[in-house]
Amino acid sequence: MDKNGAEVETISYDASAEEFVGMFTSLMKAEPAITENPGGMESSPTTMYTWDGFELADDHERDGGVSDMNVAVTFAKPQLGPRAITVATIQGFKPGDDLRWLAKYMNEPFNEDADFNQIQAEHGAPIGDQLPGSPYSNSNSVTGQNLYQHEGSVVFAPWNFGIGHV
């Protein structure tokens with residue numbers, strides 16, 4: 001949304017990295033910095049597209065691997081680009097906000113001593129069966145996180161709490 005609350009653009013997490021890059025290059029009025037990561041034993045190669053306050057990760061799966069989604073996005077600032085586009089979850093949580101607030105609002109645990117907390121914010125439609133005993137839907141979610149490589153909290157998506165990540 002822009003500073004007046006009007007919707008500026010929408011895009012599905014199912015969209016290709018090229019569609020995201022095109023849209024965010026236009027919105028941010030700047031080309032991204034591009035970094036290639038060759039991957040390793042447990043990770044596929046990844047292309048990172050970075051603008052001020054926004055990162056897009058496009059993993060290049062190998063050996064028949066299938067990721068949850070085409071891309072992952074990290075919003076590190078509550079406003080982006082020259083049009084001051086607002087970034088917020090449906091609860092109003094913005095990058096930089098106190099993650100403890102989101103945890104309390106969502107009735108989720110928060111570990112004060114952990115370097116990493118990830119709190120569900122909103123979910124897409126179920127994409128498979130729910131794991132027995134899991135309180136989480138097998139769906140792609142928008143999350144609030146505190147990632148070590150960012151100062152403060154970020155909004156990250158997608159993450160599937162319901163498939164038993166380790």
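Counting from 1, the numbers follow the sequence of the chain as shown. Only heavy atoms go into these numbers, but all of them, side chains included; no hydrogens, no water, no symmetry mates.
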Can you name the nearest heavy-atom pair linking [X] to [Y], along with the distance?
X	Y	value
Gly162	Ser134	CA-OG, 4.5 Å
Pro126	Ser137	CG-OG, 4.1 Å
Phe24	Leu80	CE2-CD1, 4.3 Å
Ala30	Trp51	O-NE1, 2.9 Å
Ala72	Pro158	CA-CD, 3.9 Å
Pro135	Gln130	C-NE2, 3.7 Å

Point-to-point distance, once rounded to the nearest 0.5 Å, from [atom1] of [X] to [atom2] of [Y]:
X	Y	atom1	atom2	answer
Tyr136	Ser141	OH	OG	9.5 Å
Lys94	Thr89	NZ	OG1	10.0 Å
Asn140	Trp159	CG	CH2	11.0 Å
Thr86	Asn4	OG1	CG	9.5 Å
Lys104	Leu99	NZ	CG	14.0 Å
Asp59	Met48	CG	CE	11.0 Å

Between [X] and [Y] (side chain of the first, backbone of the second, donor and acceptor by atom type, cut-off under 3.5 Å), is there such a pair?
X	Y	result
Asn146	Asn117	yes
Glu122	Ile90	yes
Thr25	Val21	yes
Ser153	Gly96	yes

Same apolar cluster: [X] and [Y], side chain cutoff 4.5 Å:
X	Y	value
Ile34	Val73	yes
Trp101	Val142	yes
Val155	Met23	yes

Query - CG/Asn111: more than 12 non-hydrogen atoms of other groups inside 6.0 Å - result: yes
Going by side chain to side chain contact (heavy atoms under 4.5 Å, CB included), name the residues that satisfy it together with [X], two or more places apart in sequence or in a different chain.
X	result
Thr74	Glu55, Leu147, His150, Val154, Phe156
Met106	Gln91, Leu102, Glu108, Ile119, Gln120
Glu112	Arg100, Phe110

Query raised in the report: Passes side chain to side chain contact (heavy atoms under 4.5 Å, CB included), Leu27 versus Arg83? Steps please.
Result: CA-CA 8 Å; Leu27 289 172; Arg83 293 166 64 186; 3.9 Å; yes
Query raised in the report: Does the side chain of Asn160 pick up a donor-acceptor pair with the side chain of Asn138 at under 3.5 Å?
Result: yes
